[in-house]
Structures are given as C-alpha cells and as structure tokens.
Student: 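Take a look at the following structure, please.
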2 protein chains.
Amino acid sequence: MRFQKTTEYAIRVMVFLANNQNEWLSVNHLHQVLNIPYKYLGRLMHTLTKAGLLEVNMGKHGGYKIHPDKQNIFLYQIIDVTEGLESYDRCILGFPECSDENPCPLHKYWISLQKSLKEMIYSVSLGDLKGLINVKY
Amino acid sequence: MRFQKTTEYAIRVMVFLANNQNEWLSVNHLHQVLNIPYKYLGRLMHTLTKAGLLEVNMGKHGGYKIHPDKQNIFLYQIIDVTEGLESYDRCILGFPECSDENPCPLHKYWISLQKSLKEMIYSVSLGDLKGLINVKY
DNA sequence: ATTAATTTCTACCTTATTGTAGTATATACA
DNA sequence: TGTATATACTACAATAAGGTAGAAATTAAT
Ligand code: SF4
Ligand code: SF4
C-alpha cells in the first residue's frame, strides 16, 4: 500500500516549487537538489506542465514554476496526473463496487480507511505545506 | 495508493478460506469461485503455506485450509507475505525517516494517515471477517 | 499396480513502471 | 549571429509485477 515512486517524486518537486514560487527552477537544479533522476524528472516536469500545474520557460535561464493560475494545488491533483485517482473508489478485493446494503465482511473496514485516505489527498494543499522545509533533500 | 493485485488476491482467498474452515479447498476450486488466475493462485497458495498461514494436503482430494495453529490471522500478516510491511514505516516522499523534531511540511499529515492505515491492518483479523460472505465472487 | 486429482517446481512470457541516451528545438545574451 | 543553457521529443533498456505452460511428485481410491 504505497504511492508509485513517480507520485513521490511529483509531490517532492511540487512541494519544493511551492517553497520557491518566484524563481524559474531548471530540471538540472531540481534533479541535484531533490535527488531525482535527471531525464526521468524532465519527463515528469513536462507531464505536470501539460496537466496545467506548472508554467514553463524554455531556453537559457529557463525552467519551471508553479502555474500562476494554480496557486493552491491539492495533493489529489498531483496524484491524478501521475497515477490517477481510481484506487480511491475501488474495492480492496478488486471487485467492482458492490452495494452498501449487501457488503462483504471487509467492506466497512475498507470503506472507512479509504475515506480517510481520500479526505487527506483532497484537503491537504501545497499552501498547507509552505514555509517549513527543513529536510535535506 | 493501493495494494498490489497479489495482496488483493491473498486477502480474497484468505477470507474465503476463513469462511470454510473445515474443508480442503483445491486451487482449481478457489480459482473458479474467486476468479483468480489458476497457475498464479497456485504459486500464491504455496507462498502462503510456506509462510505458515495455510496447511496443505497434497494429492487427490487435497487442497488448502487455514493452518490450525493460526486461527486468528490479521491483515498485516497476509500483507507481510505478499508485499511486505516496509511502506507502513516509510516517508511519503521516499526519504529515509527524518526526526519528528525537524519534520518537513508534509510530515504530520502523512504520519497521521499512515497511523490509520497501520491501525487497520494490525487490528482487523479474519475472525472479524467471518460468517458474512454475501458477495458473488 | 494403475489411474485420477492434486500440489510442487522450473522456466518462460507479458505488461507496467522506472530509468537512460541522444537529438531537435527554443531562448537569452554577448 | 553565434554560443551556452535550457526544454521537447523519441527511442530504447532495465526492473518488477503479473500471468502462462508443462512436467514431476504426491496421494486416494479402485
Ligand atoms: S462488499 Fe466487499 S467485495 Fe464488495 S466492494 Fe465492499 S469490500 Fe469489495
Ligand atoms: S519529515 Fe518529510 S521527508 Fe522526512 S520523513 Fe517526514 S514526510 Fe518524509
């Protein structure tokens, strides 16, 4: 039960960008500071840009920053881009959703857990995560 | 953020076995009833047996049942066999665990979610899941 | 003993995720 | 205009997860 590595990377880089809103940050810089494979990160940044979360500036002195229209991005928006949100509406046993009236024994346990997960990714935003970076990346 | 398919299969089959404690159930039967690939399930059953969760009876009329010494198996024990428990003590950003004194902005959100996850898999057992199978597998 | 039904074991195949390499294109600026 | 520094694009490689095939070994019953 974990996020894909790519999702971890995306959260990592988005938190970092949210803490450096004014600067254009290059892939090379982010790669070194955040310890994410250079080329792989490049593709991920492109994907996040296509999804509208980032603004890009090509060429010399270029790089990425949080898109000006998206100043308060929630975790679910990042996860949606990298691995999708299907798993948050999915049965733990891999069955198509059953009725709440006739649930299997696991249902109530799973639903409650899934609810917590969902609540977190929909309520935590990059705004909540700004200004406190203490960690050595 | 989801369990591996193999973990879903394992939970599925363990819940079913817990609801049929007295019978030896063959892989072929389980495969048909639970809709899990035959050969893949065979290997999974063998793995669960090696891990001590199941008892096996080879040959004609053979099959598997919950191991008599393990009458109350918790979800974490199944997950441990299939995908391990590392992710429940792991940073969401993929960094080695930092100190609680000097956390990054995500830390408190992640820790609380992880705690809920962990509580569920350590507190829900097959005993909790018996006697209520309504679902068509 | 023979047969049928079962697990065990080994090898391989497919798919998705993660990572690498190289070239083309865009921009800043001297 | 030329050069340096950046992203964009395309192709491919490595790894892990999920799945398939078949022969060998085990057991029950005839
Ligand atoms: S009732 Fe059971 S099988 Fe159906 S969606 Fe809920 S957990 Fe899954
Ligand atoms: S402080 Fe941040 S980087 Fe460190 S373990 Fe907690 S969530 Fe991960």
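Sequence lines set the chain letters: A, B, ... in the order given, protein chains first and strands last, and positions in each chain run from 1.
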Student: In whole Å, I'd like the distance from the CD atom of B:Q4 to the P atom of C:dA16.
Tutor: 16 Å
Student: What is the separation between atom CG on A:N57 and atom C1' on D:dT5, rounded to the nearest whole Å?
Tutor: 12 Å
Student: Please determine whether residues B:V15 and B:W24 belong to a single hydrophobic cluster, defined as Ile, Leu, Val, Met, Phe, Trp and Tyr linked transitively by side-chain heavy-atom distances below 4.5 Å.
Tutor: no
Student: If the cut-off is 4.0 Å, is A:T6 near the phosphate of C:dT17, judged by side-chain N/O to OP1 or OP2?
Tutor: no
Student: Rounded off to whole Å, could you give me the NZ-to-C1' distance for the A:K60 and D:dA4 pair?
Tutor: 5 Å
Student: Would you kindly compare A:G59 and B:V56 by the position of their nearest DNA chain C nucleotide and give the one closer to the 5′ end?
Tutor: B:V56
Student: Within this structure, what is the OH-to-P distance between A:Y40 and D:dT10, rounded to whole angstrom?
Tutor: 18 Å
Student: Less than 3.5 Å apart, any donor N or O on the side chain of A:T6 or A:Y40 sitting next to an acceptor on the other?
Tutor: yes
Student: Can A:Y38 be reached from A:L54 by stepping across I, L, V, M, F, W or Y side chains whose heavy atoms are under 4.5 Å apart?
Tutor: yes
Student: Are A:L106 and B:Y122 connected in the hydrophobic side-chain network, where two residues link if heavy atoms are under 4.5 Å apart?
Tutor: yes
Student: When you get a sec, tell me which of C:dG19, D:dG19, C:dC29 is the closest nucleotide to the side chain of A:H61?
Tutor: C:dC29
Student: Identify which nucleotide among C:dT8, C:dT18, C:dT6 has an atom closest to any side-chain atom of B:H46, counting heavy atoms from C-beta outward.
Tutor: C:dT8
Student: Under 4.0 Å from OP1 or OP2 of C:dG22: is there any side-chain N or O of A:Y38 that close?
Tutor: no
Student: Rounded to whole Å, please give me the gap between CG in B:L44 and C1' in D:dA17.
Tutor: 13 Å
Student: Let's see if you can work this out: which of C:dA11, C:dA26, C:dG19 has an atom nearest to the side-chain heavy atoms of B:R43?
Tutor: C:dA11
Student: Distance check needed: C:dT6 P versus B:K65 NZ, whole Å only.
Tutor: 15 Å
Student: In whole Å, I'd like the distance from the NE2 atom of B:H31 to the P atom of D:dA21.
Tutor: 12 Å
Student: Name the residue closer to the 5' end of DNA chain C, choosing between B:M45 and A:F3 according to the nucleotide with the nearest heavy atom.
Tutor: B:M45
Student: Mind checking if B:G63 touches a base, just sugar-phosphate, or nothing, with heavy atoms under 4.0 Å?
Tutor: sugar-phosphate
Student: Whether the side chain of A:R12 engages the backbone of A:L34 through a donor-acceptor N/O pair (distance < 3.5 Å, no angle test) should be reported.
Tutor: yes
Student: Looking at B:K39 and D:dG18, is any side-chain donor or acceptor paired with a base atom of the opposite kind under 3.5 Å?
Tutor: no
Student: Give the rounded distance in Å between these two atoms: CZ of B:R2 and C1' of D:dA17.
Tutor: 11 Å
Student: Is a donor-acceptor contact shorter than 3.5 angstrom present between the side chain of B:K5 and the base of D:dG19?
Tutor: no
